[in-house]
Structures are given as C-alpha cells and as structure tokens.
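Okay, so here's the structure we're looking at.
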Amino acid sequence: AAAMSVNADLRRERAAASFQPELLTHILDGGPERTRRRKEIEALVLNDPDFQHEDLNFLSRSQRYEQAIRKSSLMVMKLREYGIADPEEIYWFKSFVHRGRPEPLDLHLGMFLPTLLTQATPEQQDRFFMPAWNLEIIGTYAQTEMGHGTHLRGLETTATYDPSTQEFILNSPTVTSIKWWPGGLGKTSNHAIVLAQLYTQGQCKGLHAFIVPIRQLGTHEPLPGITVGDIGPKFGYDEMDNGYLKMDNFRIPRENMLMKYAQVEPDGTYVKPVSDKLTYGTMVFIRSLIVGDSARSLSRACTIAIRYSAVRHQSELKPGEPEPQILDYQTQQYKLFPLLATAYAFHFVGAYIKDTYHRISGDISTGDLSELPELHALTAGLKAFTSWTANAGIEECRMACGGHGYSRCSGIPDIYVTFTPSCTYEGENTVMMLQTARFLVKSYTQVTSGQQVTGMVSYLNDLSRQRIQPQHVAARTVTMRINDPTSLVEAYKSRAARLVESAAKNLQAELNHRKSKEDAWNRTSVDLVRASEAHCHYVIVKLFTAKLAEVGDAAVGAVLTDLCLLYALFGISRNAGDFLQAGILTSAQISQVNQHVKELLAVIRPNAVALVDSFDFHDVHLGSVLGRYDGNVYENMFEWAKKSPLNKTQVHESFHKHLKPMQAKL
Amino acid sequence: SVNPDLASERQTASFCVEKLTALLDGGAEQTRIRRAVVEAIESDPVFSRENQYFQTQNERYEAAVMKAVHLQKKMHEMGWTENGPEYKYIYRALSGDVAFLLHRVFMRSISVLGSDKQIAKWIPLATQHKLIGSYAQTELGHGTYLQGLETTAVFDTATQEFILNTPKISAMKWWPGDMGRSATHTVVFAQLYIHGKCYGIHPFIVQIRSLQDHSLCPGITAGDIGPKMNFEHIDNGYLLLKNVRIPRENMLSKFCEVRPDGTYVRQGSQKINYFTMTTVRISLISDEVLTPLMKACTIAIRYSVVRRQSKLRPGEQEAKILDYQTQQEKLLSQLAAAYAFHFINDYLQELFNRGYREIQNKNFDMLPELHALSSGFKAVITQHCTAGVEICLRACGGHGYSLLSGLPSLYTKILASCIYEGENTILLLQTARFLIKCFMAASSGQPVPPSVTYLASVKHSKCPAKNKLDFLSPDIYTEAYQHVAVRLISNTAAKLQDLVQSGVKKHDAWNQCTVQLVQAAKAHCHYIAVKNFAETVEKLEAKAGIQKIMKHLCDLFALHGIFSNTGAFLHDGYTSAAQMDMATASYLDLLAVIRKDAVPLVDAFDFTDKSLNSALGSYDGQVYQRLYEWAQRAPTNQMSPAYERYLKPLLHNTLSKL
C-alpha cells in the first residue's frame, strides 16, 4: 500500500484552488518562520524510530498506557537534548510525539513543576525542583474529589497540623473526599500536590496545597497510609492513568506545605497570604489553550471529513451520469463548510487570547492589570462556547462520513473522545458561561447607573442612550449589508446587547419577587447563559472580521472573507429567532441570509480541500485512513482491518469453544 | 440502603409509578411478563455484563458468542418461543449484548425473498443452527445507493452456476455483522449478468466457511473490519469473492428467477418486500433508540439528585445539581422527549399493523405514507435521542466520562442508529419528496393521505395566545407547529417550482433545495409528534395523577421545541416577539414543576440496576461507593509491566545525567 499516487479526485480539487495553501498556513502559524520551525520539530519526531509504534487502535488500555510512558520518558530526554525550551515549541513536540493525545506526564510537566515554581519557597524549590526536573520525583496535582469538582470550597480532604511533631496529618474522611481523576496519579506519580482544608489550632483556614509523597522511591509501592490506583476505563484518555488517592492519617513534615504565600509557623500560628489575585493569569492561560485546542480538534475532524467527501462517490445527482463526489451535495456542504469556517474563526480567537494574555502578563510586572478581569470573564465564556461548538462539530464531521466514520480507522472517534472532556475540565461549561454572565450583568448595571464601560462590552454603553425609547434596545431594524462582515458584526452586537439587557431585566424582576439573590440568579440562569453565548458569538465574529484586514495576499484574503461571511451568516440563520425577536432583522432579511448561506456553500466548494490542506496536518498526526493526504482510502482501510485483533488467527478460538459444540448438540 | 437524597425524591411523587410503568408496557400483564424475562436472564451468570467495561474486543466477541449459544438452551428451558409473548423482551433484557443478530436478518431475507422451495430448504437448517447466516449488502465504497454496488454474479449456462466476484477493492463487502468471524453463510447482493447483460442487484446465498472446521471456502477472503466506536461484541466483517461458484438454485427467486437456459423472469409484486424494509426502520426505534435514551435519563437524573455542588442559598448545604435551572433545562427536556417518542412509537406501530392488514388484502394505498413516516421518524428520533444521550453524558460532569457511568457505551451505540438502516439525511429527503408531492396534490384539491391533510387547511395567520398560560394549551402550540410545517413545505415547493420555471434542470433544482427540504421534513415530523402526544394525553385516564404529569411533559416537549427553534416560529410573524417571551416564561416555569417528579418519572421506565450497568444510576443512589468498588476491579490496577520496563529506569536517575 506504500508509494501510491494521489487519488485523482483530490488532485483535481487541489489544482482548482484559487489560492496558495502555504500562505494560509503561514497565517495560521503566525508567520513563515513559525511554519518552518514547526515543520522542523515535526520532522525531528517523525523521523525518529524511537517514536514509532503499532497502531494504538489495536492495543489494550494497559498496552496504550505502556506505550505512552515509554514515549514520554524519551520525549523528556530528547526535548532537553535538542534544547527545545519555548513553551509553544514544547507543545508542538509533545503533540507530535503523542499525536494529539494526553500522556501520563502531562500533569507533572504542566501542573506539578509550574506549581513548585510559583508557590514553593526557595527552600522547598531546593528540595523538590531539581529531583522533579530530573524525574526522580514525578508529581501530579490532586484537587478534584469524587464528590466535589466545581465548588472548590466544598473539598473535604483535611490537613491537620500537629505542633508536637511539626507535621500535617492528611486524611480522606469520607468516600466522597477521595481524590479522583487527577492525571498520572493512578500508576505513574510518586508525589502529588494535594489540595486540602488546613486545620491548625482548632480552626479551618481553607484550602491549601501540600506536597505529599505517595509511593516509595525505589520500589514504587504505595506508602503506608496511602491507597492509590487507577479509576478504570473511560470514554477516551486510554493512555492516561487518571487516579484515586485515599489518605489515612498520613503524616508529612510541616515544610511540605507550599508556603510562598500562606504559612503555618512551627507553633501552629497561621500567617495569611498577601494576595492571590495573580492566579487569574494561569486560568486565563489554560483557557486560551482550550480555545486553541477547540480550533485544532475541529480542524482535524474537518480535514478528514472534507477529504473523504471528495473521494467518496455516492448515488446520482444527474440521471445517467456517474456517481458524484458526496461533497457536491448541498446537504453535505451545509454540514461541513460552516464547521470549516468555525475552525478558522476559533484559530483566530485562540491566537487573540494568547496574544492579549502575553501583552497583559507583560503588564503584570509593570503593574497594569486593569484588563485582567475582563479577559478572565471573557475567556471563561469563550472556553465554553468554543469547546461546546467543537464538540458538536466533531460529531457532525463523523456523521458526515457515514458508516466508515464510525470505524476507529477514521480517526474521528478518537478526536472526539479526546476532546470532549474539555467541556468539563478547567471549569464546567455551564458554570463558565455563568461566570461570563456575571461580568456582563455587572457591566450592564454600571451602564444603567450612568458609568461607562470599556473593552468588548462597550456596546452596552449605547443602551443608556436608547432607553428613552419604549421598545427593546435594538428595536430598529439594521440596514444590513449582507456581503459586508463589519455590517454583520453590528447585527451581532445588537443581539448581544438585547440578550444581556433582557437577562438583566429578568434577573431584576426575580429579585423583586424573592428574598434570596442566589434563587433569583438560579431562576434566570437559562437566560443568562443565552446572553453569554450571544456575547461570545459577537466577540468571535468581531475578531474574525478584524483578522481579514491583516491579510496581505489578495487570493487568501478573498477566501478568508468568504469563510468569515459564511461563519457570520450561518450563525444568524441558526439563531434567527434572536434577531427576529429583537427586531434587528426582518423575516425578509432572514430569508435573504438563508439564501446567501447556500450561495456561499457553492462559492467555497472549489476551495474546500485546499482550505483543509492549509491546516497542514501530517498524516501521522491526523491518524485517519479516511483523511489521508493521498486519498487512497479503500486500499488502506483493507490493510488496516487485516491487523485487527480478531483477525490474529484464521479461525477464531470461540469456534472451537462455543460454535462447534452447539452445532454438534442440535 | 437507599441514599436519603434519592429516597426523599420518591416520597413526593404526584402519580403512581407502577401505573405509569404499566402504561408504558401496554398493560400490567405485559409488565409482569417483561419482569419475568428480565429476572430469568439476569439471574443467569452466563448473561452477566459485570465485566463488560474491562474487556477487550476479543473477549467481548467471545462472550457474545457464548451468550448466543446459551440463549438457545435458555429459551428451551424456559419454554420461550419466537412467537411467544416473552420473545420481544429477551433482547432488551440482554441489552443487545449477544451475537448472531444478523442470523435473524439472514432468515428473514430468505423468508421474504426466497421461493417456497428455498424457504423449505434453508429455514430449518438456520433454525437448528446447522449454519450461521449473515447479510452482505453494503460495500466498502457503496452504502446508500444500492444500484451502485459493484459485486458481480455472472450466470454460466454450461454449469448452471453463478460466478461471484469482487472486481475491485471498493466492491468488497464491508460492515455486515457476524460475518468477520462467525458466519458460515451469507446473503450476498450482487449485479446479475446473463449473457453479458446486466439485470441489476439480486440476492444470492453464498457459503463462506466450512461447516466442518470453519475454515474459509475456496475463493473467499473474509475477516473482521477492526475496532469501532462500539459493537465490540459484533464481528462486523469484510468479504472478497474470487470466482466463487454457487448453484443456480442459490439465487433467492421469489420475485426474479433465472431459468436454466438463462432466461430472466420477473414474477409477483415486490411491494410487500418494500413494506418489510420500511417496517425494519420502525422496529429498531424501541430497543435501539428509545431504550438508550431512557437509560441515559435514568442515570443522569438519579445522579443529579445525589450529586451536590455549590450553594444555592448561603449557609445551607450544597445543592443537588438537579435544583439548578440550567441542569433541569438539559435533562428534563430529554425526559419529555423520551415520553413523546415512546408515544409516537406506539402510534407508528399501530399504523403499521393496520398497513400490514391492508397489504395482506392486496391494498397497497398506504405504502407511500408509511414509507414517508418511517423514514422521517427513523431520522428524527435517532438524531434527537442520540443528541439527548450525549447531553445526559455531559450533564454528569467528569464522572459521565468514566465508562463505569454506563453513558459512553449508551452513546456510542445509539449513534450508529443515525447511519444504519438508511442514513438520516437521505431518509429525510425521501420524506420531503412525499411531502412536496402531497402538497402539490392538496393545493390542486386532490385527496391526500391522513397524516398530511393539514397541508390543505389554512388556519390563523397569527398565533392567538394572549398570556403565558395560553402556551399550556395544546391547541395553541400544536397549531404553531402546524403553521411552521406548512410554511416550510409550501415555501420549498414554491422555490422548487420557481427554479424549474426559470430553466434549472429538475435534479439541480432539487439539490439546490435540499437543505430546506430537510428542514421541512423535520418540521412535519415534529408537528406530528407534538400532535400525537397531545392526543394521547387527552385519552388517558384522569386517575392516579398520570394524565396530569403526562400533560406537563407534553407541554414541556412542545415548548422546548419552540424555545430551541424560536426563529422558525417568529418568521413571517406568526408568533410575535412578546408571545415568544410568554412561551419562554411558560417553558421555564414548567421545569420547576416537573423537577419534583423527575425521579419517579425515570423510575417508571423500570430498568434494573444490572440492565443500567452504571455506577452513577443505580436505584439505591450509592454512587460513590460503587464507583470506588468498580474502579478497584479495573485491570489497570493489577501490576502493570510499564513500571518495570519504563518507569523504573526513568525514576532511577536515567535523566539526572542530563
């Protein structure tokens, strides 16, 4: 199956593209130099025989974990050997080695080491950092408990200070308090940073972080008082040993509490931290990664579905003619092209958050943190918006591949199961949306009390001017130019303003009825989530539109404009009710939007394959028989299937065990 | 003991759970029979699914074969027969975790497509499991479009045989269940050639494995197609045929026959065959689609009253997550849909039974309508329920992602139903074709089938609701749904006509309207589902609180559809902006009302713990203990070679030299 030429359909598609895919790749990477470097790192991994292995689809979970551990250890050594230190370059290297999947050292590298850097005292860093850097200590970050996730203050693990021995006594007092889910905890780590309620001098001082050894160095056996293990099979994350941890009167020295901020003195006196507002920054950074992940995961799924749809032929469009490529069906384009546009939109949003974060974190040292609360509020919503959309989009891509999408050889099931937990981790999405809503309502309240707000919510300022009108805010129909993204941004802005106002007013009405603020908030939360979604949607359309101005190449600019228009118009079409109800658009305009969406599908059709080629996923990274660059789908499906575990022997053993005896008896 | 948070939910039920269960089963006697079957199956350790989440593909396959073989014995022992009242509950009791399902399809296709002589020869062999059958239609490169299949069967008059071939890789049979490892025979669909002329697709019985040692027959290449998202227990297979010769008598010849001299003869009407294909779509709804959604609702709702998170009121205990409006919005709308689709399934079953009787009397008038309804509802219900299961999964937060929650397996299994037995988009377009035809007929005053007579009746152009309570009136919302369906169908018909009149070729015009056509077909089905639910509620007894709670669910189902698709109802001003606010308010108010009965409403589905196979959803609500116990059984908690091989060298200073 090697050395086959590229499928003729795909060749034709690529020849017909109106732009050069490499130029678009450069934009996605942030410049030709970044593209070159990315490919250089990719080649380091792909040409390295140490990182080759059997197709993971055919391995058991234990085997997959074993492969991942093997590659992770090599990865750490080679990163240092090659001197790769830039966080983005490390991210590339890691994602090529593990092909977009999680790995058992993720928490060690991504949480344990950084937490030591930010929360350990210099003395603690001396003790732990170098051993951890050299992987004598492998650590994880144990926060979530079996019964507690979102609500941190509800965690039940306790750390009680004993001044007589100068130790903390750690306990998991209930089943619900067992630490549950931390990556790398089950089998890999010998240490964990454990979050626990600190008790000293008979008082609870709230959550604090402790460095807890959990396995014996040398034998790797769990220490006395520690019960640790793997939490069992999951939807995905086969290579990750998400674990549980139960502690029974487990003692650690006083010096193992991370004490850069809060401290417990030898006699048990508690010293309060100065300020912990800076942790905002880390959360913003992690959420920006998830937005980027949403873009990448959706891009991978789109690449597979669109290439396959150009190779797959089915039924007839015109009587008597050969079966057409399924990408020629309007329904197929309607499923896939809006998702393609969405993937591009999310790429630009992810890049924006990352840049803004870097700009603001530059300011942290110089002291200007004024933008941080808004960015924090905004990224919560965008994390939820993009991960929900990508989650559903990946599934649509899979469905669009028909039966073969259901086979693991399509690669999409794996993308889905790896991606879908991001709707839950680092802040459950509904909770995230409500965080953004809180900020929106606060901004709205400021505006109604006569203050101006700035940044992405500044559109709320216009509300005060319009409030003299008896109608809803945006009750004037916009003269919308259907081919002009900036005009569409205005429509989205009006929608966001109207939904924020409506949610805020409903909240006020509930507050007038009820005693408890929390009850009122809860009874408005469906409205509040809708308002947040509208706000995020506006921000995304706005950022995509702004990106168009930066594009130098005319041909690339044209195709990105088509995608931006499709993204914006499709969103209006899908949420037509919001625009109609607020009187932003008329039914006639909505019909026009619906029609234009379909026209854009036909416009984008000739560039579809080139647009996914621009994402520039290597076949190894894509991990899909359907999405291969050369389009030789069927031959390779057959080759792949022959390696299935059920095909190990010509006659399966169950024939001798079960079938034959049955036939003999009947 | 039952978790007190779950126990308290059961004390306040507004209706009698046992009565609702009986209603769902179709009578208390049916409930009794079902429970007896479930009890017999679940008390037999061979049928246990206890270790399912820890098993490899090979182990799952082997267990399924073992269960299939054991089931024969069990049926004999219990005195269950294929025509008995117990039969339909067996599959549900096994949760589908059994092999040889395609064996039944093999038998059915022979019964439907075979001549009397063929039936007499093959059916007894199959019944006694002297052979194991499969059904090989789909090819690697061809699914939806049957005429496009590439496998060939060439008739050789000299030897009175058909010669079967897979001429190229895309023609390889791909996906048929039980074919990868188990089947000895299969019905192969191939293009028939006689004297160089192609006569189209025909079915042939082909032996693929030896009846002695199970080895592949000469000319046959077959195997398993590899891991999938689910169905690890089924050996979906591939099949390559190279000059495989079968006797002339092996072509299933009820409708078409090849005479010894090569004369091709067509006989009888195929319409009954067509009807059979249609009924298959309906028959899968109950076990393959509704059951998973009902199970997912049971798991997610029970877990949501056990799980507590954050505080609703300061100073109080953390709140049950089902008390959050956003959680109610996610789950209760799925619960309402499960009931709505249960009742539409009853409606369809009844319609098909009537259709079957008419067809027995050679009256085929109902066929087009039955075809349209089965296609449309198969698509709408599978799509809706698949999305619903995924919502339940994600509503369980992190723990939903564990296989031990049972939800990932329910999801990956149900989602296949969107593709098999007709890809959903294709099916919706078939329904749309029927609707457009009926609309044209209705507009010109011709009679149309009962389910579409509404297309001719034009009612209010404005929704008459005056306050939010009006939206709890079935007349108001049913009419709104009707209005949307009529608008979408008539607009699309007009658009098609315009395009054709402006000179666009018919097939191009059709393709340009397919997005709208799909929306129109969905709107039609949604309208019928709402109308049927409202009519069902009307007919229920007012006793035992059943009618009242069903009315709430019906309202919720209807208003959820409006809430999540406001644009369709606002378009053309049928519903005003102010009315939409009323509908939304009514919808959100209802959530709090149904919340109180949420647990009894899932209890009424009457799933045993074994059948749920979920650490989160058990009847007693002991979620955390169970999660902990089950996790400890995971094979990953046995000593892994990874430590000795990789971790140890890693931890022992391999890196410190760097």
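Letters A, B, ... mirror the listed sequences (proteins, then strands); counts begin at 1.
With a 4.5 angstrom heavy-atom cutoff, A/R574 does not touch chain B via any of its atoms. Contact of A/S72 with chain B is not made at all, since no heavy-atom distance falls under 4.5 Å. Contacts between A/E395 and chain B at a heavy-atom distance below 4.5 Å involve the side chain alone, from C-beta outward. No part of A/F579 comes within reach of chain B, as not one of its non-hydrogen atoms sits under 4.5 angstrom from that chain. Both the backbone and the side chain of A/K318 come within contact range of chain B, judged by heavy atoms closer than 4.5 Å. Heavy-atom distances place the side chain of A/E323, and not its backbone, under 4.5 Å from chain B. Proximity to chain B (any heavy atom under 4.5 Å) is restricted, for A/Q595, to the side chain, taken from C-beta onward. With a 4.5 Å cut-off on non-hydrogen atoms, B/Y238 touches chain A through its side chain but not through its backbone. With a 4.5 Å cut-off on non-hydrogen atoms, B/W630 does not touch chain A at all. In this structure, chain A has a heavy atom under 4.5 Å from the side chain of B/Q519, while its backbone stays farther away. Within the 4.5 angstrom heavy-atom criterion, only backbone atoms of B/D213 (N, CA, C, O) approach chain A. Looking at A/S587, both its backbone and its side chain come within 4.5 Å of chain B, counting heavy atoms on both sides. Of the atoms belonging to A/N190, it is side-chain heavy atoms, and not backbone ones, that fall under 4.5 Å from chain B. Contact annotation for B/T412: both backbone and side-chain heavy atoms come within less than 4.5 Å of a heavy atom of chain A. Only the side chain of B/K495 comes within contact range of chain A, judged by heavy atoms closer than 4.5 Å. If you measure heavy-atom distances from A/S177 to chain B, you find no contacts under 4.5 Å at all. With a 4.5 Å cut-off on non-hydrogen atoms, B/L393 touches chain A through its side chain but not through its backbone. If you measure heavy-atom distances from B/V518 to chain A, the contacts under 4.5 Å come from the side chain alone. Proximity to chain B is absent for every atom of A/K517, based on heavy atoms less than 4.5 angstrom apart. Only the side chain of A/R312 comes within contact range of chain B, judged by heavy atoms closer than 4.5 Å. When heavy atoms are compared at a cutoff of 4.5 Å, B/L216 approaches chain A solely by way of its side chain, counted from C-beta outward. Using a 4.5 Å cut-off between heavy atoms, A/V526 touches chain B through backbone and side chain atoms alike. Heavy atoms closer than 4.5 Å to chain A are found nowhere in B/Y420, neither backbone nor side chain. Using a 4.5 Å cut-off between heavy atoms, B/Y587 does not touch chain A at all. Within the 4.5 angstrom heavy-atom criterion, only side-chain atoms of A/K246, from C-beta onward, approach chain B.
Atom OG of A/S644 and atom CG of B/N58 lie 7.5 Å apart (nearest 0.5 Å). If you take CZ on B/R308 and NE2 on A/H148, they are separated by 11.0 Å, rounding to the nearest 0.5 Å. The CG atom of B/L570 lies 5.5 Å from the CG atom of A/L580; values are rounded to the nearest 0.5 Å. In this structure, B/Y61 OH and A/L646 CG are separated by 7.0 Å, a value rounded to the nearest 0.5 Å. Interatomic distance, B/I169 CD1 to A/Y634 OH, rounded to the nearest 0.5 Å: 10.5 Å. Rounded to the nearest 0.5 Å, atoms NE2 (A/H652) and CG (B/D224) are 8.5 Å apart.
Taking a cutoff of 4.0 Å between a charged side-chain nitrogen and a carboxylate oxygen, B/E423 and A/K335 qualify as a salt bridge. Salt-bridge formation is detected for the pair B/K330/A/E428: a Lys NZ or Arg NE/NH1/NH2 atom is positioned less than 4.0 Å from an Asp or Glu carboxylate oxygen.
Taking the six-membered ring for Trp and thresholds of 30 and 60 degrees, A/W181 and B/H399 have nearly parallel ring planes, at less than 30 degrees apart.
Residues A/F638 and B/L240 are in side-chain contact: their nearest non-hydrogen atoms beyond the backbone lie under 4.5 Å apart. Residues A/N429 and B/R394 are not in side-chain contact: their nearest non-hydrogen atoms beyond the backbone lie 4.5 Å or more apart.
Between chain A and the residues B/D323, B/T566, B/T56, B/I426, the most heavy-atom pairs under 4.5 angstrom are made by B/T566.
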